[in-house]
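Before any comments, here is the structure.
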Protein chains: 2
Amino acid sequence: MTNTLPNRSSTSSCNQTGSFLGEIDPAVSGVLKPVERHVAKGGTLFHDGDELTHLYEIATGMVKTSRLFADGRRQVIGFFTAGDFIGMPYAGFAAFSAEAVMETRLHCYPITQVAAAMTQSSALTKAILKALHDDAERHVDHVMSLGRRRPDERVASFLLKCCTKQHEITTSQRTPCVDLPMTRVDIADYLGLTQETVCRVLTRFKRTGIIHGKDSHKLTVNDLPSLQMVAELGACA
Amino acid sequence: MTNTLPNRSSTSSCNQTGSFLGEIDPAVSGVLKPVERHVAKGGTLFHDGDELTHLYEIATGMVKTSRLFADGRRQVIGFFTAGDFIGMPYAGFAAFSAEAVMETRLHCYPITQVAAAMTQSSALTKAILKALHDDAERHVDHVMSLGRRRPDERVASFLLKCCTKQHEITTSQRTPCVDLPMTRVDIADYLGLTQETVCRVLTRFKRTGIIHGKDSHKLTVNDLPSLQMVAELGACA
DNA sequence: CGGTATTTTGACAAGAATCAAGTAGTGTGG
DNA sequence: CCACACTACTTGATTCTTGTCAAAATACCG
């Protein structure tokens, strides 16, 4: 299903190891026994076409999902961080690969157990349904980005999305800091651009003072309103 | 959820009026009472932001879903035909508009009824989950088209998708006929191209003999293998 | 410290969007 | 049934953006 389960109210993204699925409903806490797994930077959770045996919850780190074309072109489908879920609620075969962007720890739930637990807990079923629905919305946002937006707008809204994911409420931070542990190529393959174009856009944002780069993987947003404007209207001051 | 419910085994897309959800499980057939609705060509099922009160099953016709940007750019999210479902399994607000491409008849299920029926029928729940999952896969395919593919490839795979949807198994037809009731602008807005580019690609396909146009909304695929090759590799003979 | 991978910048060319004009199709009212 | 108006589709010429190719600078790792 490849998504974030909803209503994690207070935990935010700072949570460490709690296994969410088992906590959702006392009725299933005894049934769902996550297996812990550790994946090194660049390691693979599963490949496109593999049989999907587990539902993965990310405890720490970051995972990217992607699919390849015959000629080597690659499309990154999504980036997932602590609290996000990757996998299908059904036995089936993966439609994409999943790799760790950085050192990552996972809770792995055998899908057979999840399926069984769902029959006993309507709360779990609802959570999964909601997660699938949120997943669809994320995909629609991605389609919106790729279909009709210029590079500036794509990069700007990508940065904003990273922002809001890292600090639950962006507006509370005047100059939020953004972590970008993935490579420029990853970002480019996510946004349907080349790494050169991503670079150039970021450089332009730096020149106009919208962002400031501590290093290439840690940015500070100096002018959030401008970034939001670029994301929506494409005008780069 | 915006999708096709699975396992419609023998009915194919030729089905006329059967209301699928009520047939899925005897336990819910008494609960789910679809309301019939008729929408004229160009008419609106709901607007972006409207509260979603129903799950819509398309009986006949075609519906397109889309979202607008502030500056008028439009992204078409999907096209839906007989047997497809549009709507959310939860009360909520629409993230896109839905309009009839041609005269369309619908079965409308109040989502409260669907939610209630789901608690009584695990078969229905499973069907909805599967539908959501298929929906996600469709979105991922769309992302793949938009992110890294050239206009030729986008149009070719769009035509192929229309083909397979219209004749369950494309391979059985040597020269399948494709209906394109939507406008060129609709196709362009779906594929993230301009209508001119869509036109030019279609013209090129005609010149190279891959397709033949009876009229602009009815095409014949003369060379299916070539079309498939273009869809995957971008090479236009 | 040396070697490799990643990021950044520049020059150039290909390709798609834009602008513009013309053609075909659709529907309406006389 | 035809003439008209309107929309949709097609084609062409031009512009501009972004991808491609190339190289330098920086960061990363053993």
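Lettering of chains follows the sequences in order, A, B, ..., and the numbering in each one begins at 1.
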Run the ring-ring contact (aromatic ring centres under 6.0 Å, His included) test against H139(B) and tell me which residues pass, sequence neighbours left out. none

Suppose we screen for ring-ring contact (aromatic ring centres under 6.0 Å, His included). Which residues come up paired with F46(B), at least two apart in sequence or across chains? Y56(B)

Where along nucleotides 9-15 of chain D does protein come under 4.0 Å, by heavy atom, of base (B) or sugar-phosphate alone (S), with - for untouched nucleotides? SBBBB--

Between atom CZ in R204(A) and atom P in dT9(C), what is the gap in whole Å? 12 Å

Any residue meeting side chain to side chain donor-acceptor pair (under 3.5 Å) with D179(A), in chain and number order, not counting sequence neighbours: K218(A)

Whole angstroms only, please: what is the CD-C1' distance between E153(B) and dG15(C)? 13 Å

CG of D152(B) versus C1' of dA14(C): gap in Å, rounded? 14 Å

Could you check P151(B) against K41(B) and say which one's nearest nucleotide on DNA chain C is further toward the 5' end? P151(B)

Looking at five pairs on each end of the helix from dC1(C)-dG30(D) to dG30(C)-dC1(D), what is the angle between the two axes, given to 10 degrees? 50°

Who are the side chain to side chain donor-acceptor pair (under 3.5 Å) partners of D71(A), not counting sequence neighbours? R73(A)

Could you state the CZ-P distance from R148(B) to dT20(D), rounded to the nearest angstrom? 8 Å

Counting only pairs under 3.5 Å, give me each side-chain donor-acceptor contact of residues 188-195 of chain B, with atom names and distances, residues two or more places apart or in other chains.
| from | atom 1 | to | atom 2 | distance (Å) |
| --- | --- | --- | --- | --- |
| D189(B) | OD1 | R148(A) | NE | 3.2 |
| D189(B) | OD1 | R148(A) | NH2 | 3.0 |
| D189(B) | OD2 | R74(B) | NE | 2.7 |
| D189(B) | OD2 | R74(B) | NH2 | 2.9 |
| Y190(B) | OH | K161(B) | NZ | 2.7 |
| T194(B) | OG1 | T197(B) | N | 3.3 |
| T194(B) | OG1 | T197(B) | OG1 | 3.0 |

Can you tell me the distance, in whole Å, between the CE atom of M102(B) and the P atom of dT7(D)? 21 Å

What pairs with N222(A) under side chain to side chain donor-acceptor pair (under 3.5 Å), at least two apart in sequence or on another chain? none

According to a strict under-4.0 Å criterion, is T194(A) in side-chain N/O contact with OP1 or OP2 of dT18(D)? no

What salt bridge (charged side-chain N to carboxylate O under 4.0 Å, His left out) pairs are there with at least one residue in residues 60-70 of chain A, not counting sequence neighbours? K64(A)-D186(A), R67(A)-D141(B)

Would you name the heavy atoms of H107(A) and P34(A) that are closest together and state the gap between them? CB-CB, 3.8 Å

Candidate list L224(A), L219(A), V155(A), test side chain to side chain contact (heavy atoms under 4.5 Å, CB included), partner I211(A), passing option: L219(A)

Find the distance I187(A):CD1 to dT6(C):P and express it as a whole number of Å. 13 Å

Find the distance D215(A):CG to dT6(C):P and express it as a whole number of Å. 15 Å

